[in-house]
Amino acid sequence: MTVLEQPGTYAPAPPPSWRPRTEAAPLLPEAEPYRVLGTRTAEREGGEQTGPDAGLLRRLYAAVVQGRRFNEQATALTRQGRLAVYPSSRGQEACQVAAALALRAEDWLFPSYRDTLAAVARGLDPVEVLSLLRGDWHHGYDSPGTRVAPLCTPLATQLPHAVGLAHAARLKGDQVAALALVGDGGTSEGDFHEALNFAAVWQAPAVFLVQNNGFAISVPLAKQTAAPSLAHKAVGYGVPGRLVDGNDAVAVHEVLTEALDRARSGGGPTLVEAVTYRLEAHTNADDATRYRADGEVEAWRAHDPVTLLERELRDRGLLDEETVREAEEAAERQAAELRERMHQDPQPDPMELFAHVYAEPTPQLREQAAQLRAELAAEHEAAAAARPAGNPAAGEETR
Amino acid sequence: MTVLEQPGTYAPAPPPSWRPRTEAAPLLPEAEPYRVLGTRTAEREGGEQTGPDAGLLRRLYAAVVQGRRFNEQATALTRQGRLAVYPSSRGQEACQVAAALALRAEDWLFPSYRDTLAAVARGLDPVEVLSLLRGDWHHGYDSPGTRVAPLCTPLATQLPHAVGLAHAARLKGDQVAALALVGDGGTSEGDFHEALNFAAVWQAPAVFLVQNNGFAISVPLAKQTAAPSLAHKAVGYGVPGRLVDGNDAVAVHEVLTEALDRARSGGGPTLVEAVTYRLEAHTNADDATRYRADGEVEAWRAHDPVTLLERELRDRGLLDEETVREAEEAAERQAAELRERMHQDPQPDPMELFAHVYAEPTPQLREQAAQLRAELAAEHEAAAAARPAGNPAAGEETR
Amino acid sequence: MSTAVRQPTAARTDRKPATMGQALRRALRDALADDPAVHVLGEDVGTLGGVFRVTDGLAAEFGADRCADTPLAEAGILGTAVGMAMYGLRPVVEMQFDAFAYPGFEQLVSHVSRMRNRTRGRLPMPMTVRIPYGGGIGGVEHHSDSSEAYYLATPGLHVVTPATVADSYGLLRAAIASDDPVVFLEPKRLYWSKADWDPEEPDAVPGIGRAVVRRRGSSATLITYGPSVPVCLEAAEAAREDGAEGWDLEVVDLRTLSPFDEETVAASVRRTGRAVVVHESPGFAGPGGEIAARITERCFHHLEAPVLRVAGFDIPYPPPMLERHHLPGVDRVLDAVARLQWESGFTSGGRGGAEGRGGGAL
Amino acid sequence: MSTAVRQPTAARTDRKPATMGQALRRALRDALADDPAVHVLGEDVGTLGGVFRVTDGLAAEFGADRCADTPLAEAGILGTAVGMAMYGLRPVVEMQFDAFAYPGFEQLVSHVSRMRNRTRGRLPMPMTVRIPYGGGIGGVEHHSDSSEAYYLATPGLHVVTPATVADSYGLLRAAIASDDPVVFLEPKRLYWSKADWDPEEPDAVPGIGRAVVRRRGSSATLITYGPSVPVCLEAAEAAREDGAEGWDLEVVDLRTLSPFDEETVAASVRRTGRAVVVHESPGFAGPGGEIAARITERCFHHLEAPVLRVAGFDIPYPPPMLERHHLPGVDRVLDAVARLQWESGFTSGGRGGAEGRGGGAL
Ligand SMILES: Cc1ncc(C[n+]2csc(CCOP(=O)(O)OP(=O)(O)O)c2C)c(N)n1
Ligand SMILES: Cc1ncc(C[n+]2csc(CCOP(=O)(O)OP(=O)(O)O)c2C)c(N)n1
Ligand SMILES: [Mg+2]
Ligand SMILES: [Mg+2]
C-alpha cells in the first residue's frame with residue numbers, strides 16, 4: 001500500500017481534540033500598574049465620594065506607619081547584634097501590610113525571608129516572627145495556629161507548598177485561600193513555574209503576589225527577565241495576571257481581596273505583580289552602593305508608600321495631627337516592646353537539636369544526644385569548678 | 001519627624017526605572033495553528049503560484065515517507081528484541097523532518113528520546129542514533145561532529161543545554177543557532193522555564209520546538225496545562241510565540257526557518273508549539289488503550305502528515321507514480337539496511353565501562369577494572385574448559 | 001541471577017501467589033480505604049495506573065482526587081505534597097523512576113526532611129515518597145539508578161526498601177502510617193517476584209527500623225537489602241552446596257536503611273565474626289561504607305577480617321547490554337566471602353580486600 | 001575554635017598576608033587571563049562580586065560576558081553551563097550557598113557528571129562548580145549545609161576542598177584546568193583565614209587527588225578536610241601540650257574527597273595504627289563512613305582500634321545560636337582520640353566507640 005492509498009478522509013485542520021484551551025485576552029494584565037491613591041482624587045473633586053472606604057484607609061495607614069517603624073527597629077537590632085541578619089522591607093510596607101490585611105482568618109500566608117512585616121501585620125508576635133533571623137531557632141511561631149507558613153529562604157520553594165495547601169483545603173471543601181509571596185528574582189526559579197502550573201491545572205485557591213522590588217540582591221530586573229511584566233507570566237499558565245502599584249496599599253489590597261475572593265469561590269488562582277522598590281540594601285550585610293545609584297533610590301523615595309497613603313488621607317480630610325500621633329505612638333510602643341524583648345538573651349536548649357528530627361528520636365540520635373548531654377555536663381562542671389577559684393588552670397576568671 | 005514632614009516630592013506614579021520592558025502584543029502567538037498545506041490551494045486556484053517551493057515540497061515529502069517507514073521498522077525491531085525500547089514518532093514525522101531540514105550545517109539540534117527521526121533526517125547513521133534504545137551504549141553518534149546533542153531522557157533538561165550552547169556560539173561570534181525539541185509534558189518541568197528565561201535574557205540564538213502530541217504518556221494536555229496554548233508561554237519570557245500545525249511539514253519548516261534566521265542574526269529566541277498527535281502508544285511497552293479512545297486516534301489519522309504533504313504535491317501536479325515509487329523505494333532501502341544492520345549482534349566491550357568516567361581512570365576505577373577483567377578471564381576460561389566436554393560440571397552444553 | 005525472593009512457605013490455604021507489585025498496590029488500596037487523609041499523586045498514577053501498574057485501579061475505586069495524575073514536574077509534586085501535608089493530608093507520591101526524583105531534590109532535602117524539625121514538631125511531614133529504583137530490567141540511561149546514598153545522607157528522612165512480597169505490603173503500610181517522611185525504595189526488578197500471600201490477611205512483619213535475618217548461618221554475615229537480597233540468598237545456597245569450604249552464610253535483610261538497625265546486624269556479625277555488605281549502588285560513598293564503618297566500630301574485636309563490600313562499580317549505571325557486568329552477582333559475593341581471611345593469620349595480596357600494596361602484616 | 005589554618009611559614013620577602021577569599025579570587029582572575037575559554041557565571045558574581053566577594057573585580061576586568069550575572073535559577077545556571085562546555089568553553093559556576101545548589105541537582109547528577117561517559121569522551125565537561133559550604137558563620141537555615149556526601153556518591157564528579165590559602169589558589173586553578181567536572185567546595189568560615197602568600201608567585205601545591213600530611217605524628221592519625229583541618233591541627237597541639245598521655249597526632253588534610261587518596265592516608269594509618277576521621281557533615285552516610293570503611297579494608301591488621309568518626313550530628317544544620325554544639329571541636333576530637341583503646345587489650349563500655357552494649361570481648 002502506498003501512502004496514496006491510505007484510508008481515511010482528509011482533514012484540513014487538526015481535530016478539535018487538540019484544544020482544551022481558554023482565551024488569552026482576559027488573562028493579560030493591565031499595561032500600567034493599577035493605582036488608586038492619587039489617581040482618583042481628581043475624579044472625586046467633581047462629584048460624589050467614590051474613593052476607598054475610610055475605615056480601610058485608616059487601618060492601612062496605621063499598619064504602614066507601624067511597619068515602617070518595625071523595619072527601622074529590626075535594622076537597628078542587627079547593629080546591636082540582636083539579629084543574625086535582617087532583610088528590610090522598607091519601601092515595600094504597602095505590599096506587606098495589604099497582603100496581611102486582605103486575608104481572612106481562615107486563609108494561609110506563605111511568606112519569604114523578607115516578609116516578616118506581613119506576618120507581624122497579620123498579628124503574630126514579632127519576637128516569634130524574628131526567630132529565624134535572630135538565630136535561636138529556624139522558625140518561631142505556631143504555623144497551623146496562625147496560618148502563616150514558616151519564613152522561607154530557598155527561593156520560590158514556598159510556592160508549591162501554598163498550592164498544595166490550597167488544593168487540600170479545596171478537596172476538604174473548606175473556603176480557604178493561600179496567599180504566597182515571592183520576589184522578582186524568585187520568579188526565575190523552576191519552582192515558580194511548577195507552582196503556577198499546578199495551581200492553574202488544579203484551579204487551586206492560591207494567589208501569588210510577586211513583590212517586584214527591582215532587584216534580586218544586586219541583579220536588576222532587566223537581567224532577570226525580558227518579559228513585558230512579571231504579571232504577563234500568568235498568560236502561560238492560563239491564569240489571570242494583575243499588575244499593581246506596590247507602593248499603593250489600597251490598590252494592592254483591592255487587587256488581592258478580589259483575587260482571594262475569586263480563589264475561595266472556586267475561580268482559581270491569580271498572579272499579581274506589585275511594582276515596588278527596596279529602599280535599603282538586600283540585608284544589613286549587603287552594600288547596595290556597589291550596584292545601584294543614589295538617584296534611583298531618591299526617585300523612589302518620592303513615591304514612598306507611607307507618604308502616598310498619608311496624602312490620600314489628608315486630601316480626604318481623614319488625617320489630623322491626632323490620628324498621626326496615635327499611629328506613631330502605637331508604632332513606637334510596638335518598637336519599644338520589640339527592642340526590650342529582643343534585648344533579653346534567649347536560652348535555646350542545645351538538647352532540642354535532637355528532639356524534632358523525627359517524631360521519635362532514632363537510636364542513633366539518642367546516642368548522640370547522650371554524648372552532647374555528657375559534654376554539656378562536663379562544661380558545666382568545669383565552669384562551676386572554675387568559679388570558686390580553687391583550680392587556677394581551669395578558668396579564665398581566675399587568671 | 002512625622003511622616004508628614006518627610007522630604008522629597010510626591011510622585012504619583014513609580015519612577016520609570018521599574019520598566020525595562022517590551023510590548024506584549026508582538027509576542028502573542030496566532031489564535032489558530034499556522035497552516036500552509038491545504039489552505040493555500042484555494043488561493044492559488046484563482047491566481048499565480050504563491051505556494052511553497054516545489055523543491056522543498058519534494059524534499060519534505062521524501063523525508064516524511066522515509067520517516068514513516070523508519071518508525072515502522074524501528075517498532076518492528078522492538079518486537080524482534082533488537083531494541084530495548086522504541087518511542088515512535090508516528091504521526092509526528094512532519095515535525096521531526098521539518099526540524100532537521102530547517103537547520104543549517106553549522107546549527108545544533110537538541111533532541112529528546114522521541115526524536116531519533118529528526119536525527120536520522122539530519123543525515124546521521126540510524127544505527128548510531130538507535131544506540132541508546134538498542135542498549136549497547138548510552139549514546140551512539142559523534143555529537144560535536146554531527147552537531148546533534150545526545151538523545152535526552154530526563155525531560156526538558158536538554159533545553160538549558162541548547163541555550164548555553166547557543167549563548168557560547170554567540171559569544172564566540174559564530175552564526176550558529178540551536179534548535180531544542182521538547183514535548184508538551186516537558187513544558188511543565190522547571191528546566192523548561194529556566195531555559196526559556198535564560199535564552200530571553202541573554203537573547204541567545206535558541207529556538208524551542210514543543211511537539212504537542214496531546215499526551216505525556218497517559219496524561220492528556222488538559223491535565224498538563226490550563227494555558228490558551230503552549231505557545232502562549234512565550235509571553236512570560238518576552239519571547240515571540242508561534243503556534244503551528246505540527247502535521248503540516250511546510251508550515252513547521254517555514255516557522256522554524258524564520259525563527260532560526262532571526263536567532264542567527266541576533267534577534268533572540270522563539271518558542272514554537274507544533275500541534276500534532278502521537279498515533280502510537282508512548283513506547284512499544286505502553287498500552288494506549290488504557291487512556292484514550294480509538295475515535296480520537298482515528299480523527300487524527302485523517303490529518304496524517306504524510307497524506308497532507310502528498311495531497312499538496314498532487315494538487316500542485318508535482319506528484320506522479322514515479323515520484324511516489326522513488327520515495328517509497330528509498331524508504332524501503334533505508335529500512336532494509338537498518339533491519340539488516342540491527343540484526344548483527346553488537347559486542348559492547350565491558351571494559352569500556354571504566355574508560356570514560358573521567359579523562360583518566362581514578363586508582364579506584366583501575367582496581368575495579370582489574371577485578372572485572374579477572375572475572376571476564378575466569379568466565380572465558382570456564383567457557384573454554386566446558387567446550388571440550390572435559391569437565392561435566394562446568395558448563396550447560398555438556399549436561 | 002535470580003530475581004525471586006525466598007518467601008516464608010505458605011501455611012494457610014487462602015495464600016496464593018502474588019507479586020510484589022500486587023502487594024504494593026494492595027497496600028495503597030487499603031491505606032486509601034482506611035484513612036481519608038491518604039492521597040496518592042504522581043505522573044501517570046491515575047488513569048494509567050502507573051508505568052509499573054502499582055496504582056492500577058485506585059483512581060477508579062477512590063476517584064481522581066484521591067489518586068491524581070499531576071502535571072509533569074517532580075519538584076511540583078513534592079512541593080505541593082508538602083502543602084497538602086501541612087493541611088493535614090497524608091500524601092503518597094510516586095516518582096516515576098529513580099533518576100527522575102532528582103528534579104525534586106531541593107524540595108525533599110530542604111523541606112520534606114526538615115519541616116518537622118524547623119517547626120518544632122508543629123508541621124510534621126507524614127509523606128511517603130515511592131521511588132522505583134535499581135537496575136536489572138534493561139532500562140536505558142537514567143532508568144536504573146540506585147540513589148539511596150543521597151537519601152541516607154539526609155537527616156529527617158526514613159529510607160525503607162522491601163525485598164519480599166510480605167514486606168512490600170507491611171512496610172508500605174507502615175510508611176504511610178508513619179508521621180515522618182519515608183523514602184520508600186521499590187526494587188524495580190523485584191516487582192514481578194512472587195510469593196504465596198493472602199491479601200485479605202497480610203502477614204504481620206516487623207516495622208520500620210528493623211532488620212531481619214533471612215537465613216541463619218555461622219560462617220559469615222551477608223548484609224544486604226532490596227534487589228540484592230535474592231542474590232545473597234542464592235549465594236548462600238551456592239556456598240552451602242558447591243563451596244569446597246562449605247561456608248554457612250547468614251543473610252541479613254536490612255529492610256530499613258535509615259534508621260539503621262545496628263543491633264540486629266551487630267549481633268549477627270558478632271556471632272559470625274565476618275561480614276560482607278552487598279548492594280547495587282556504587283561502592284564509593286555508598287551505603288556500604290556507612291554500614292561497614294558502623295559495624296566495625298561496634299564489633300571490632302569480634303572481626304576476623306575487615307568488613308568487605310560488594311557493590312556496583314563507581315560508574316554511571318551501564319547501558320542494558322552491559323548491566324550484568326555491573327550488578328553484584330552470586331560469584332562476586334562468593335569471591336568477597338573467599339577474601340574474608342579464612343586461613344588463620346594474615347594473607348597479604350588479596351584482590352581489593354585487605355591491603356594489597358606495601359606495608360607489613362599484623 | 002580557631003578558624004586560622006597553619007600555613008607554611010613565609011620565606012621570601014614578597015609574601016604578605018592574604019585571605020583564602022583573596023587567593024580564590026586571584027585564581028579565577030589568572031584563569032580568566034590565561035584562557036579565553038574560561039567563563040564565570042552565577043548569581044551576583046558580576047557587579048556585586050559575589051556575596052563572599054570571591055569574584056570581585058572580575059567583571060570590571062574581563063567584561064560582563066566573561067563574568068556574568070545570571071537570572072536566579074540554579075538548574076538554569078548548571079544547565080546552560082553544560083551547553084557552554086559542549087561548545088568548548090570552560091565554565092566556572094558559583095552556587096551562592098550549599099543548600100542553594102540543590103535546585104540544580106538533576107543537571108549535576110544526570111548531565112554534568114555523566115556527559116563524558118555517555119558520549120565516550122566526545123563531550124567532556126571541563127566545568128568547575130564552586131560551592132561555599134559548611135557552617136560556623138552564624139548563617140540562618142539553609143546557609144550552612146555540608147553537602148559533600150551527595151557529590152561523593154556521584155560517579156563522574158571530582159570533589160575538591162581546600163583548607164589553606166595556598167591550596168585555595170592551587171586547587172582552584174587545577175579544578176578549572178581539569179577536563180572533568182569538579183565540585184569545588186569552599187569552606188565558608190575559612191574565607192577570611194590568612195596566610196603569608198605571594199599572588200605573583202603562588203606556591204606550587206600537589207594536584208587534585210592528593211592528600212597531604214599537615215602535621216607529622218606517631219600516636220594516631222586525624223583524617224580530615226576543609227573547615228575541620230584547623231580544628232584538627234589545634235587538637236593535635238592541645239594533645240601535645242595538655243594531654244596526660246602526650247599523644248603525638250598526625251593530621252592528614254585530604255584536599256580531594258573524590259578521588260580519594262588511599263595511599264597517603266593508608267600509609268599514615270599503617271604507621272600510627274589508629275585513626276579518627278573528622279568532618280562537619282552529618283556522620284550517618286557521610287564521607288567518614290567511606291573513609292573509615294576503606295581504610296579498615298586496607299589497614300585492618302595495622303589497626304589497634306576501630307577507625308572512629310567525629311562528625312556533625314545526624315540532624316538538620318542547627319540555628320546560629322546552637323551551631324557550636326554541632327560542630328566538631330577540639331574537645332570532641334580529643335575525646336574520640338581517647339577512645340582509641342590505648343590500654344593494651346580491649347576495654348568495653350566506651351561511649352560511641354567500640355561496642356558498648358552486650359556481646360563479649362575478643
Ligand atoms: C534557591 C536559592 N538560591 C539562591 C538564594 C540566595 N538568595 C537569597 S535572596 C536572593 C535574591 C532574591 O531576590 P528576589 O526574589 O527578588 O527577592 P528580594 O530579596 O528582592 O525580596 C538570593 C539570590 C536563595 N535564598 N535560594
Ligand atoms: C524528569 C523526568 N520525569 C519523568 C520522566 C518519565 N517520562 C518519560 S517520557 C514521559 C512523558 C513525556 O511527555 P511529553 O513531554 O509530552 O513527551 P512525549 O513523550 O509525548 O513525546 C515521562 C513522564 C522523565 N523521562 N524525566
Ligand atoms: Mg527582588
Ligand atoms: Mg507529549
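Each chain gets a letter, A, B and so on, in the order the sequences are listed, and its residues count up from 1. What's counted below: heavy atoms across the whole structure, side chains too, no hydrogens, waters or symmetry copies.
- The backbone N or O of D:Gly138 sits less than 3.5 Å from a side-chain atom of D:Glu323, completing a donor-acceptor pair.
- When heavy atoms are compared at a cutoff of 4.5 Å, A:Leu353 approaches chain D by way of both its backbone and its side chain.
- The aromatic rings of D:His142 and D:Phe100 sit tilted relative to each other, their planes meeting at an angle between 30° and 60°.
- Annotation: maximal heavy-atom pairing with chain A below 4.5 Å, among D:Leu72, D:Val140, D:Asp314, occurs at D:Leu72.
- Heavy-atom pairs under 4.5 Å with chain D peak, among A:Leu151, A:Val357, A:Thr153, at A:Thr153.
- When ring centroids are compared, A:Phe208 and A:Phe110 stay outside the 6.0 Å threshold.
- For the set A:Asp184, A:Leu372, A:Thr157, the count of heavy-atom pairs under 4.5 angstrom toward chain D peaks at A:Leu372.
- The part of A:Asp349 that comes within reach of chain D is its backbone (N, CA, C, O), which places non-hydrogen atoms under 4.5 angstrom from that chain.
- A donor-acceptor distance shorter than 3.5 angstrom exists from the side chain of A:Asn284 to the backbone of A:Tyr86, with no hydrogens or angles considered.
- A:Gln347 does not touch chain D: none of its heavy atoms, backbone or side chain, sits under 4.5 Å away.
- Using the six-membered ring where Trp is involved, D:Tyr151 and D:Phe105 have ring planes that are tilted, between 30° and 60° apart.
- Annotation: maximal heavy-atom pairing with chain D below 4.5 Å, among A:Val219, A:Thr187, A:Asp287, occurs at A:Val219.
- Chosen from A:Tyr358, A:Tyr291, A:Phe354, the residue pairing most often with chain D at heavy-atom distances under 4.5 Å is A:Phe354.
- Of the atoms belonging to D:Phe313, heavy atoms from both backbone and side chain fall under 4.5 Å from chain A.
- Side chain of A:Ser131 to main chain of A:Glu128: no donor-acceptor pair is present (N/O by atom type, distance under 3.5 Å, no hydrogens or angles).
- Listed options D:Asp56, D:Thr70, D:Val51, D:Asp331 were ranked by heavy-atom pairs under 4.5 angstrom with chain A; first place goes to D:Asp56.
- Closest approach of D:His326 and D:Arg332 over heavy atoms only: O-NH1, 3.2 Å.
- Checked by atom type and distance alone, the side chain of D:Lys188 never pairs as donor or acceptor with a backbone atom of D:Asp98 at under 3.5 Å.
- For A:Ala216, the parts lying under 4.5 angstrom from a heavy atom of chain D are both the backbone and the side chain.
- In this structure, the portion of A:Leu155 lying under 4.5 Å from any heavy atom of chain D is its side chain and not its backbone.
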